[in-house]
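Shown next, in structure tokens, is the structure this report addresses.
Only heavy atoms go into these numbers, but all of them, side chains included; no hydrogens, no water, no symmetry mates.
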Amino acid sequence: MKPVILAGGTGSRLWPKSRAALPKQFLALTSEQTMLQETLSRLHGVDASHPIVICNEAHRFLVAEQLRQQNVTHGGILLEPVGRNTAPAIALAALHALQSDADETLLVLAADHLIKDSQAFHIAIEKAQKLANAGYLVTFGIVPDGPNTGYGYIKAGQELETGMIVAEFVEKPDAETAQKYVDSGNYLWNSGMFMFKASRFLEELEKHNPEMLAICKKAIESESQDLDFIRIDADIFATCPDDSIDYAVMEKTSKAAMVPLDAGWSDVGSWSSLWETAEKDENGNAVIGDAILENVKNSYVNAEGRLISVIGLDNVVVVETKDAIMVAHKDKAQDIKNVVNKLKREQRPEYQFHREVFRPWGSYDSIDSGARFQVKRITVKPGEKLSVQMHHHRAEHWIVVSGTASVTVGEKTTMVTENESTYIPIGEVHALENPGKIPLELIEVQSGAYLGEDDIVRFSDRYGRTAK
């Protein structure tokens, strides 16, 4: 069995924690591990081969780093040049998996789900594998703990040895219909997790959406390895239909089966769902970080770096990050996406980035800025190096706070240690490297007429980020 982890998506309903450049699957929201890392940890004890992780190009180094932190040996980080929904992504994974001799069973998981009971999950996997080996396309149906209008539902049909036939997929219902579904006992939530033989999925895709399969086959024909990453033909894949696996295959096939799963599952789709799954105090409040609550009930408060005080409110969500604060009624938490859309339309940086931005070599935190200056705290991991680059509009001062920097300016390379500094004039080719064994911390002061991140001309880069 080969796990396939879908790590795309933006998680806009969890703004301001989740941003386009750092979406929820790469955040630690329910434990000290990120959602992606939790998904991988959940597979411990399952007899499975190395997982394939599918993500978009912008998040490739986040995935690689989070796998490295867990010492996970992967079967490839497959890059989607553009988002085309789950059906094409899974088709790419199936085609890639079949390049080996074995026709493995694929266990398709989202990278951003919460499952509290791993043992129950493992038992459900065993049941699903028996059905997958018999030629079924299996989905996991979540046993509902109450009516929920945020999930699609699956109607159970004829019973099988370890599951049941899928009688019908239904869209997200209104409250009254959701209550009827739950009362009937015949409907389960659609989890978006699947299991099937790679060849069987492709057979069904060819039957129900041959154009999609043909494009995916053509796009992956010329796949190439780049560091940890598997690249496909971007121009070809961009022509692929955009469709979910439910619409493209599962709702059309006659071989859809379902295994019930009762394991404390949540898709962590909103702040209200995080409140539902979190530990709460005697007043029903879930609190993370430094917060003082006075006469507050049934609320979710998440403080990242500052003290939050909430007084006299019920059923609210308060989330603080370094550059934004969000306050919402818990019942309106789904509407955060409207704020995110407005940020995107207005091209505000808070849509895409946090104040602290992660790069393959480390991170930088923009701690202050003005009309002609910007101050950053830069962290470079041991052994890592920034690109050889140049700026047209800004000069830079670097002051080393801890560690040792190897600094190249023009043709000259020098070692700069704690409490020492260096200057890079406008237009000078330069590079920064951490040759040491501990993280390099430095303060960068930029000055100039234009300080945007796009004023970088890269001449060489070990992470493949030079212009092509």
Side-chain angles (χ1 to χ4, degrees), residues 10 15-16 18-23 56-62 82 305 321-325 339-381 384-401 405-414 416 420-434 439-468:
T10 60
W15 187 87
S18 181
R19 310 279 175 101
L22 190 66
N56 66 44
E57 177 109 6
H59 301 144
R60 65 193 187 280
F61 293 112
L62 286 170
V82 291
T321 66
K322 290 179 179 179
D323 61 349
I325 297 173
V339 174
V340 174
N341 289 336
K342 188 172 183 180
L343 291 171
K344 184 178 181 179
R345 286 195 304 270
E346 295 178 359
Q347 298 183 331
R348 296 209 29 168
E350 294 90 348
Y351 161 73
Q352 188 165 14
F353 295 108
H354 284 271
R355 203 184 77 177
E356 183 175 11
V357 178
F358 292 90
R359 291 289 187 252
W361 44 261
S363 64
Y364 67 83
D365 187 356
S366 300
I367 57 180
D368 197 9
S369 63
R372 293 182 61 88
F373 78 93
Q374 184 166 220
V375 182
K376 293 181 177 180
R377 182 173 63 244
I378 295 176
T379 303
V380 184
K381 294 181 289 189
E384 300 299 330
K385 180 181 180 179
L386 282 67
S387 59
V388 179
Q389 58 185 249
M390 179 266 286
H391 310 294
H392 290 295
H393 303 288
R394 71 175 185 246
E396 296 174 340
H397 283 88
W398 292 342
I399 304 98
V400 175
V401 176
S406 174
V407 178
T408 300
V409 180
E411 299 296 323
K412 185 179 179 181
T413 298
T414 57
V416 184
E420 295 181 341
S421 63
T422 190
Y423 172 68
I424 299 96
I426 291 177
E428 190 72 72
V429 176
H430 60 280
L432 172 66
E433 183 173 6
N434 179 2
L440 165 64
E441 304 275 350
L442 59 86
I443 299 298
E444 176 182 85
V445 181
Q446 302 175 357
S447 59
Y450 179 74
L451 305 173
E453 284 301 307
D454 54 351
D455 180 25
I456 299 177
V457 179
R458 291 189 174 96
F459 297 98
S460 66
D461 181 59
R462 64 173 59 172
Y463 312 107
R465 297 173 300 162
T466 53
K468 293 190 169 53

Indicate whether any N or O donor in one side chain lies under 3.5 Å from an N or O acceptor in the other, for [X] and [Y].
X	Y	answer
S387	R359	no
Y423	E428	no
E444	H397	no

Looking at [atom1] of [X] and [atom2] of [Y], how far apart are the two atoms once the value is rounded to the nearest 0.5 Å?
X	Y	atom1	atom2	value
W361	Y463	CH2	OH	9.0 Å
I378	L432	CD1	CG	7.0 Å
L451	F373	CG	CZ	9.5 Å
I399	E420	CD1	CD	12.0 Å
K385	S460	NZ	OG	6.0 Å
T408	E433	OG1	CD	8.0 Å

Contact between [X] and [Y] at the side-chain level, heavy atoms closer than 4.5 Å - yes or no?
X	Y	answer
P360	R465	yes
H354	V357	no
Q374	S366	yes
D455	R394	yes
E384	N434	no
V429	V388	yes
F358	T379	no
I424	H391	no

Q. Step by step, would you call Y364 with R377 a side chain to side chain contact (heavy atoms under 4.5 Å, CB included)?
A. CA-CA 6 Å; Y364 67 83; R377 182 173 63 244; over 6 Å; no

Q | From CA spacing to verdict: side chain to side chain contact (heavy atoms under 4.5 Å, CB included), L386, D461 | A | CA-CA 7 Å; L386 282 67; D461 181 59; over 6 Å; no

Q.
Is it the case that atom CZ in R348 sees more than 12 heavy atoms from other parts of the structure closer than 6.0 Å?
A.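 Counting neighbours around CZ of R348, 12 or fewer heavy atoms of other residues, nucleotides or ligands fall under 6.0 Å, so no.
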
Q: Assess whether atom NZ of K381 is packed by more than 12 heavy atoms of other residues, nucleotides or ligands within 6.0 Å.
A: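 Count over threshold, so yes.
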
Heavy-atom donor-acceptor pair, [X] side chain to [Y] backbone, under 3.5 Å:
X	Y	result
H392	I456	no
N56	H59	yes
H430	V407	no

To check you understand the geometry: which heavy-atom pair defines the closest contact between [X] and [Y], and what is its length?
X	Y	answer
V400	A405	CG2-CB, 4.1 Å
D323	F353	OD2-O, 3.8 Å
L62	A21	CD1-O, 3.5 Å
P16	A324	CB-CB, 4.0 Å

Q) Looking at E453 and K376, does any basic side-chain N land under 4.0 Å from a carboxylate oxygen? A)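 Between K376 and E453 there is a salt bridge, with a charged N closer than 4.0 Å to a carboxylate O.
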
Q) Do the charged groups of E356 and K322 touch, with an N to O distance under 4.0 Å? A)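 A salt bridge is present here (some side-chain N lies under 4.0 Å from a carboxylate O).
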
Q. Going through the checks in order, is the side chain to side chain contact (heavy atoms under 4.5 Å, CB included) test met by T10 and R19?
A. CA-CA 7 Å; T10 60; R19 310 279 175 101; over 6 Å; no

Q | Chi angles and distances behind the side chain to side chain contact (heavy atoms under 4.5 Å, CB included) call for Y351, V340 | A | CA-CA 6 Å; Y351 161 73; V340 174; 3.6 Å; yes

